[in-house]
Amino acid sequence: MFTDDSPIFQQLADRVAEDILNGTYPEDTGVPSTNEYASFYGISPITAAKGMNVLVEQGLLYKKRGIGMFVAPGAPAQLRSERRAAFRDQHVAPLLREAALLGIDPQELAQMINQKESS
Amino acid sequence: MTHALDIQQVTRSFGRTAAVDNVSFQVPENSIVGLLGRNGAGKTTLMSMLAGQDRPDTGTVTVLGDKVFERANTLSGISYVRDNQRYPDNYMLHHVLRIAPAFKPNWSRELADELVDGFRIPAKTKITKMSRGQLSSVAIVLSLASRAPITLLDEPYLGLDVTGRALFHRVLLDDYQTHPRTIVLSTHLIEESAALLDRVVIMDKGRIVVDDETENARDGAFVASGQTDAVGRLLVNHRILETHTVGALASVTAAGTLDDTLRQSARVAGVQLARASLQELVSAYGVNESTSETKEKVRA
């Protein structure tokens, strides 16, 4: 369920962040506990806790003692602005590189994007 | 913090062979540790000494802050079922389940029942007639239901079917969360158990070659693949652990950390880099340094 490319705790943090961004866990609602994630993914509870703490340190989750962890107000907006900043490098640049390799000119590329949008 | 297990300069020889050769390491309390390495690396010898069933020629073994050999107090806190555990000839499952609580103060009958049911262990078969997988199931029931502060699992998966292995993982994690304990697990099914392990101790020829948190250990090696000569040039200053070649292509596991400089050079050279999986790491450390002729190909 996890790949070998990066540490498991990082991959868990990324997945929970993804679920915060796409609205699975809205602001101020609880996310599954460390133990629930550990059991669900079959990973060590220490690893799961490390992953959740990444999000706490980034201010995306907050802890309520004895109750659990909750999505911080503003977390989706924070994630969205971080990911938008990285979008150009991570997604647009490779797209343009591949398009150039295949001889797809910017106009044709724009056309493809528009077609996809309207389909 | 005190260590649950503390091994200092332990050596244990059989005849002229040092099965465990001047080994030192500690295991923090309430962690899950993988004891990994090839057959004959010394894993079982080490576990026997941790369990007080054997003692070192030299060095000290401290468990839960106390000596272990012939110490009833310490031993009651340790669960160890050998991979070739023997049972009295006429014993069936119910005999074992009736006796176990007498030795294990934290014994959980509910947990034992759940596991017996899940593994479908036959009630009316003598243990001596059980299959390898059924024997492993009995061993897992004894190990986990004991809820011992120190749980030593030597090759718990032998012969176990895929459903049984998943059950073992699930129950181990669930019960560990409600009843934390220190678990040492030796196995060759590394990919399956990697995610469970907080720490790994990798042994080879009686010595410890890696002792670290799992993710840190994995940062200590990487796999480079591409044209053999390009890989060779890239890794000219690295310690090569294992090499596979096919035609003009090579895939090499090397010691070291993936940094930006190396990634940059690899991109230029057309070599792909990846973090080593735990399995690749263990495999690489088990390769004989002297007999790796393919290494020469990369070095040439």
Side-chain angles (χ1 to χ4, degrees), chain A residues 1-19 30-58 61 63-69 86 89-98 100-102, chain B residues 27-34 162 165-185 189-200 212-223 253 257-258 263 267 272-282:
Chain A
M1 245 181 289
F2 290 100
T3 67
D4 280 333
D5 298 336
S6 60
I8 290 173
F9 74 87
Q10 188 60 53
Q11 294 182 57
L12 175 65
D14 292 345
R15 277 185 208 187
V16 179
E18 186 78 27
D19 284 342
V31 296
S33 71
T34 298
N35 284 354
E36 285 168 328
Y37 277 122
S39 297
F40 183 76
Y41 287 118
I43 59 178
S44 146
I46 295 178
T47 305
K50 209 168 159 187
M52 300 303 277
N53 275 331
V54 169
L55 301 178
V56 172
E57 276 164 25
Q58 291 175 354
L61 294 178
K63 288 180 186 173
K64 275 194 203 172
R65 271 182 90 95
I67 305 177
M69 275 181 266
D89 283 346
Q90 286 182 4
H91 298 279
V92 180
L95 178 75
L96 293 175
R97 207 159 42 230
E98 179 74 7
L101 265 176
L102 301 177
Chain B
V27 172
E29 220 174 326
N30 299 335
S31 53
I32 307 179
V33 181
V162 61
R165 299 200 298 271
L167 174 72
F168 167 61
H169 280 162
R170 185 179 62 71
V171 174
L172 176 105
L173 280 177
D174 286 356
D175 206 55
Y176 167 80
Q177 288 172 27
T178 48
H179 299 85
R181 63 197 94 159
T182 305
I183 297 170
V184 180
L185 181 140
L189 290 183
I190 295 164
E191 293 293 86
E192 273 195 36
S193 47
L196 296 175
L197 307 174
D198 301 317
R199 298 185 66 85
V200 288
D212 210 335
E213 289 178 29
T214 308
E215 295 294 353
N216 292 346
R218 289 189 48 203
D219 283 334
F222 61 89
V223 180
T253 309
T257 316
L258 283 180
R263 285 184 193 279
R267 210 171 299 130
Q272 306 229 308
L273 295 177
R275 295 177 93 225
S277 70
L278 192 57
Q279 178 146 306
E280 286 163 336
L281 192 68
V282 174

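Heavy atoms only: backbone and side chains are in, while hydrogens, waters and symmetry mates are out. Predicted, not measured: the structure shown is a model, and the values here were computed from it. In what follows, chains are A, B, ... by sequence order, proteins preceding strands, each numbered from 1.
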Check [X] against [Y] and note the closest heavy-atom contact, atom names and distance.
| X | Y | value |
| --- | --- | --- |
| Leu173(B) | Ser44(A) | CD2-CA, 4.1 Å |
| Gly42(A) | Ala195(B) | O-CB, 3.5 Å |
| Asn30(B) | Ile46(A) | O-CD1, 3.9 Å |

For Glu280(B), is it the side chain, the backbone, both, or neither that has a heavy atom closer than 4.5 Å to a heavy atom of chain A?
->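 Neither part.
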Which bit of Glu191(B) is near chain A, if near means a heavy-atom gap under 4.5 Å: side chain, backbone, both or neither?
->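 Side chain of Glu191(B) only, per the 4.5 Å heavy-atom cut-off to chain A.
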Between Pro7(A) and Arg275(B), is any pair of side-chain heavy atoms under 4.5 Å apart?
-> yes
When the 4.5 angstrom heavy-atom criterion is applied to Thr34(A) and chain B, the contacting part is neither
Partner of Ser39(A) by side-chain contact (heavy atoms from CB on, under 4.5 Å), out of His169(B), Gln177(B), Arg170(B) = Gln177(B)
How far does NZ of Lys50(A) sit from CD of Glu215(B), to the nearest 0.5 angstrom?
->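 Atom-to-atom, Lys50(A):NZ and Glu215(B):CD are 6.5 Å apart.
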Chain B interface, residue from Asn35(A), Ile43(A), Thr47(A) that has the most non-hydrogen pairs under 4.5 Å |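 Option with the top pair count is Asn35(A).
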